[in-house]
Amino acid sequence: MDLSEDQRAAFETVADRLMAAGIDLLEGRVLPEAEPHAGTGALAITGRAGSGKTRLLAALVAALSAAGVDTVTADWEGRKKRDRRSFAVLAPTNKAAAVLRAQGVPATTIHRILYTPVYDPEFEKVAAWLAGEGPRPQIEGLTEAALDRAHHFYQTQQSIPGALAMAGLRGSDFITGWKRREQPLDIGLIDEASMLEERQLKDLEDIFSTLILFGDPAQLAPVGQSGHMVFDDLPEPRRLTLSRIHRQAADSPILDLAHALGDADLGFEDFERLVEQAAARDPRIVVAPRVDAAMMARSPVLVWRNATRIRLIHAFRTAYGAPEEELLPGEPLICDGLELPMKHRKRRIDLEARGLIKGAPVIYLGPGRRPGFGRLHVLGAEDPRINVACIIAIEKPGQEEPFIPYAAQLGARFLHGAAVTIHKAQGSQWPDVQVFAPDLYAAARSGREEAGIPLWKRLAYVAITRAEERLIWVTRYRLALPDAPLGIDDLPAPAVPLQLTGEE
């Protein structure tokens, strides 16, 4: 790839570090390990939005693949080859992993790397063939055209479950269970490392002998770490910084605003004037006097205060005429964790593998097949449609206890997702993003700081960089009513399940 000077310097530093582990990126070869699973520790590559971290990550993935290092996606793992090395690209959220996959980087979530799927023996033949480890199989009920579709998909996105879905299969057709990872891996490339908690880093260090962390030091640190990020403790030689803003990002008014926040003398009112000036010359920046309720259905309003989040959710449901005692199909939710005992560990692992991890955004489709169950669409997941026991809490202004329209005894917990805190939005992106400016003004008035930086600046930086294409800066406590009822017709339809013949 055509790398800039600072990207190339970082690439060469990573190459030197991997050479110590027996992987020669520059010559494209793997050398014998001096010791089994020899490790070199963690190295961090940091930089603000637009500095080229993802491009550098893609270049390293291409070089590792060219050197013969095996890619592990946690979707399927073939036979462990003798004297072979392995690497995995990980992200903390489904959305972040999906963004990398869309750019051709075979990424999965951190949760997924802890467990490996157990495939049905017949469909494992298909997985082996797709991965180049076996001949083209003949499976009863699976046509040649279906195999061709799976193969074509795998050539563009190296995902075994995604390819099998293109053949008309569901996860329950080919995955029979999950098992704890037994063998360690060599290299972990971790995107959005600013979101990592220290416990997660320890888990990753137990799996990978070498970790390369990619993070943005201007983002918000995990809650409870007082502005501290896991790469802050690394010594200077193991912490590289990308400072250049690249050509592909140079014409982005969103990134211009993000980098303006680095000015220590910039106040909140000054920043709002910059937003107004950007909106006057570029349609990708919009100053709006009210929140758009229709947009909230698929792209949450980003706020700082929890009270603001609850008020906006209540206004959203009122605008759509949602009854208090039930949800409407199309309402957005956020997974708040899984309440399952240890004896249901297999079910927990399966749900996490399907993308139902804490913070995952989903769309409610309707009631499930049994009382307490709901049908959901998991945004960013490869197989998004699931039926799961739900505990859904709808918070209301001025009430300590939330209203719970769906309450299974055990299952997945959800909060409403029409508005979310900026902390919870970190790691996700949407084409259009509404940022609730009155909350950022309140943060500025509070005078709070995080790691020596005004909190409002960190909040604003994270909030505006969640926008991929358009930023809407909302200035008032008002709501624009929707012009159409809520629905689910905009969601991609699921793959048609394969109808197997015979006893299957």
Side-chain angles (χ1 to χ4, degrees), residues 91-99 109 192 194-195 219-224 288 290-320 322 327-328 330-337 355-364 376-381 390-397 402-403 412-440 442-443 455-456 458-468 470-474 477 479 486:
T93 67
N94 295 294
K95 182 67 174 178
V99 169
T109 62
E192 297 282 1
S194 55
M195 297 176 63
Q219 290 195 4
L220 293 161
V223 177
R290 56 182 61 85
V291 176
D292 186 333
M295 192 179 298
M296 293 169 72
R298 298 294 179 266
S299 176
V301 183
L302 304 187
V303 305
W304 172 45
R305 295 177 292 192
N306 207 40
T308 305
R309 178 183 65 85
I310 294 171
R311 285 199 298 270
L312 286 172
I313 288 170
H314 180 68
F316 169 85
R317 302 200 77 233
T318 301
Y320 274 106
L327 293 174
L328 295 176
E331 289 200 61
L333 303 172
I334 298 288
C335 181
D336 197 40
L356 208 58
I357 60 178
K358 189 168 184 176
V362 307
I363 304 298
Y364 177 76
L376 308 173
H377 182 102
V378 184
L379 295 174
C390 297
I391 305 167
I392 301 175
I394 307 297
E395 299 152 295
K396 291 186 176 182
F403 171 69
R413 298 193 312 273
F414 295 95
L415 300 174
H416 206 279
V420 302
T421 62
I422 296 170
H423 259 104
K424 194 176 286 291
Q426 191 159 281
S428 296
Q429 284 188 307
W430 296 269
D432 301 326
V433 166
Q434 300 182 92
V435 177
F436 197 67
D439 259 22
L440 297 182
L455 176 61
W456 79 265
R458 285 193 180 271
L459 291 166
Y461 179 88
V462 172
I464 65 179
T465 54
R466 299 311 93 201
E468 296 173 332
R470 190 167 63 126
L471 169 68
I472 297 95
W473 186 262
V474 181
Y477 279 93
L479 186 79
L486 203 58

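Owing to the predicted nature of the structure, the values given are computational and were not obtained by experimental measurement.
- For the pair Gly427 and Met195, the tightest heavy-atom approach, listed with the atom from each and the gap, is CA-SD, 3.4 Å.
- Ala91 and Ala96 get closest at one heavy-atom pair: CB-CB, 3.8 Å.
- Each of His416, Arg311, Arg309 was compared with Glu395 under the side-chain hydrogen bond (donor to acceptor under 3.5 Å, both in side chains) criterion, and only Arg309 meets it.
- The shortest side-chain heavy-atom distance between Val474 and Val301 does not fall under the 4.5 Å cut-off.
- At a threshold of 4.5 Å between non-hydrogen side-chain atoms, the residues Cys390 and Tyr364 do not count as touching.
- Residues Leu302 and Val420 are in side-chain contact: their nearest non-hydrogen atoms beyond the backbone lie under 4.5 Å apart.
- Put simply, the side chain of Thr308 reaches to within 4.5 Å of the side chain of Tyr477, judged on heavy atoms.
- Distance check: Arg413 CZ to Ile391 CD1 gives 7.0 Å after rounding to the nearest 0.5 Å.
- Checked by atom type and distance alone, the side chain of Gln429 pairs as donor or acceptor with a backbone atom of Thr465 at under 3.5 Å.
- No side-chain donor-acceptor contact under 3.5 Å links Ser299 to the backbone of Met296.
- Counting heavy-atom neighbours within 6.0 Å of His314 NE2, excluding the residue itself, gives a total of 12 or less.
- Summarising the geometry of Ala419 relative to Leu312, their closest heavy-atom pair is CB-CB, 4.1 Å, with the distance given to 0.1 Å.
- Considering Leu327, Asp336, Leu356, Ile334 as possible partners of Phe414, the one that fulfils the side chain to side chain contact (heavy atoms under 4.5 Å, CB included) test is Leu356.
- Taking all atoms of both residues into account, the shortest heavy-atom contact from Arg466 to Ala425 is CD-O, 3.6 Å.
- In this structure, CZ in Arg305 is found 13.0 Å from OG1 in Thr421, a value given to the nearest 0.5 Å.
- Among all heavy-atom pairs drawn from Ala297 and Phe316, the shortest one is N-CE1, 3.8 Å.
- The shortest heavy-atom contact between Ala293 and Ala319 is CB-CB, 4.5 Å.
- No side-chain heavy atom of Ile394 sits less than 4.5 Å from a side-chain heavy atom of Pro402.
- For the atom pair Leu376 CG and Ile363 CD1, the distance stands at 9.5 Å (nearest 0.5 Å).
- In this structure a side-chain-to-backbone donor-acceptor pair under 3.5 Å is missing from Gln219 to Gln426.
- Distance alone, capped at 3.5 Å, places no donor-acceptor pair between the Arg317 side chain and the Ile313 backbone.
- Counting heavy atoms from C-beta on, the side chains of Ile422 and Leu440 come closer than 4.5 Å.
- Between Leu455 and Trp304 there is a side-chain heavy-atom pair separated by less than 4.5 Å.
- Put simply, the side chain of Arg298 does not reach to within 4.5 Å of the side chain of Trp430, judged on heavy atoms.
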